[in-house]
Amino acid sequence: MPLALLALAIGAFGIGTTEFVISGLLPEIAGDFGVSIPAAGFLTTGYALGVVVGAPVLAIVGSRVPRKSMLMALMGLFVVGNALSAAASVFALMLAGRIIASLAHGAFFGIGAIVAAGLVAPQKKAGAIAMMFTGLTVANVVGVPLGTLVGQSAGWRVTFFAIAALGVLAVLGIAALVPQQPRPGQARISGELAAFRNPQVLLAMAMTVLGFGGVFTMSTYITPMLTDVAGYAPSSVTWLLVLFGLGMVGGNLVGGRFADRSLMPMLYTALGGLTLALALLPLAAHDKIAAAVVIPLVGAFGFATVPPLQKRVLDQTADAPTLASAVNIGAFNLGNAIAAWLGGLVISAGFGYAAPNAVGAAMAAVALALALLSASLERRTSRGAGSVIVGRSTAVAEAAETEADAHAAPAAR
């Protein structure tokens, strides 16, 4: 794999840290600003919605800017948002900082996925995308637990200042390692939008929203679930987040490797496993050992969906991938926002901190059904195309035979 993928992984590491560390610090932030935990959950929802809005807008801007320059500019926006979050004096300002940082998220991963896929041979695209997303998953093994530990001991503001510094490091990494690329062609917006008329693109994005969104029904409220339901001490949450992150790393790498070999079966396996793991968690959360076993499985199966879903969108939009690739990243975060909101509703209704996982299981099950539908439609389209080709070949053969007969008739006379 090219060294440039390391630079993309550095940026992904910073983004992953700020996106997921909020789950481990939710009680501290809620207490500092005097809001409830479900209200503090809007820091996750707001971030996710910012990704949804920022992804298409900045992707359109990025289609006319050299990709390396655009990636550096996006990381600069990320630094500003995290610094604002760290310095926030009121909850509204903290939320504003989260949204500013989130605007860079979708376009960075969308453009970064195109760059990563373009650096390798066609049969290695999913693996290259997975390598970039490894930064996001490693953030859950190193960045998020460390950020949680620092936030609980030295204050959550220190964590976000450190994340801003990490963003500066990412800018330097991109400048040093990502090769300078020619300015993208002046792609017409109509061409980028035309990709969304493809039913397979829309189905892939719906799978993204529902499948990966299911992971966030757990991860948004994982800290109160572990402390209030499973009975873990707050200090143990850090190590359980490490287990969750290790599951993410493994699932992402396995998903990328096998998606290059057989994409749809890999997607069935990931979504089916995610559905089962989330369905088990409302029961497993009441036992420390069971919770510690199931939580990394949620991370593994959840992130195993990322490379195949992103590659499927790129495969279906080869002529105009920038907008669709970024919008699909936004779809991941739209699912996160919906999941965090639904999880908050379930908790507010009095069902407890483990109940949102049942909602996540339902979301993942619907995503699996859509994957099966997508494959069925693709097979039907392939059979139809094959029938047309056979029909045309038969017609050509019959026409040739008729013409031969016509030439042979005078000779016979």
Side-chain angles (χ1 to χ4, degrees), residues 48-65 67 70 103 105-118 122 125-126 129 184-213 259 263-264 266-268 270-271 305-338 363-364 366-392:
L49 292 177
V51 177
V52 173
V53 173
V57 173
L58 293 178
I60 291 172
V61 174
S63 67
R64 297 171 180 261
V65 176
R67 287 178 177 143
M70 190 64 190
L103 294 175
H105 183 129
F108 180 87
F109 279 110
I111 295 171
I114 296 171
V115 172
K125 286 185 177 181
I129 293 170
Q186 297 296 314
R188 298 178 61 181
I189 300 302
S190 59
E192 295 282 348
L193 292 174
F196 295 94
R197 292 200 293 268
N198 183 346
Q200 292 292 356
V201 173
L202 299 179
L203 282 170
M205 291 183 177
M207 286 182 259
T208 297
V209 170
L210 294 168
F212 195 76
L263 191 149
M264 292 308 291
M266 181 65 242
L267 196 53
Y268 303 150
L271 290 172
T305 68
V306 175
L309 285 171
Q310 194 68 16
K311 182 177 184 293
R312 186 153 179 84
V313 169
L314 291 178
D315 288 345
Q316 297 291 332
T317 59
D319 295 332
T322 303
L323 182 59
S325 179
V327 169
N328 194 53
I329 299 297
F332 280 107
N333 287 271
L334 177 60
N336 299 349
I338 292 172
M363 293 174 68
V366 175
L368 176 59
L370 292 178
L372 295 170
L373 173 63
S374 176
S376 175
L377 292 176
E378 193 168 47
R379 287 193 298 269
R380 191 179 307 169
T381 302
S382 297
R383 286 197 299 268
S387 299
V388 170
I389 292 173
V390 171
R392 287 177 178 173

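A quick note: this is a predicted structure, and the numbers were derived from the prediction, not measured.
- Considering all non-hydrogen atoms of both residues, Ala375 and Met264 come closest at CB-CE, 4.2 Å.
- When all heavy atoms of Gly106 and Ala55 are compared, the pair lying nearest together is CA-CB, 3.9 Å.
- Across all their heavy atoms, Ala107 and Ala326 have their closest contact at CA-CB, 4.3 Å.
- With contacts defined as side-chain heavy-atom distances shorter than 4.5 Å, the pair Leu203/Arg312 does not qualify.
- Considering only heavy atoms from C-beta on, Gln310 comes within 4.5 Å of Ile329 through its side chain.
- Screening Asn328, Leu368, Leu267, Leu202 against Met207 for a side chain to side chain contact (heavy atoms under 4.5 Å, CB included) leaves a single residue, Leu267.
- For Gln200 (side chain) and Ser374 (main-chain N/O), a donor-acceptor pair under 3.5 Å exists by modelled atom type.
- Taking Lys311 as the reference, Asp315 meet the side-chain hydrogen bond (donor to acceptor under 3.5 Å, both in side chains) condition, with sequence neighbours excluded.
- Scanning for ring pair (Phe, Tyr, Trp, His ring centres under 6.0 Å) contacts around Phe332 gives Phe212, with sequence neighbours left out.
- One N or O on the side chain of Thr208 and one on the backbone of Ala204 form a donor-acceptor pair closer than 3.5 Å.
- Taking both residues in full, the closest heavy atoms of Val209 and Met363 are given as O-CE, 4.0 Å, listed atom of the first, atom of the second, then distance.
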For this session: Would you check, one step at a time, whether the test side-chain contact (heavy atoms from CB on, under 4.5 Å) holds for Val313 with Leu309?
Result: CA-CA 6 Å; Val313 169; Leu309 285 171; 6.0 Å; no
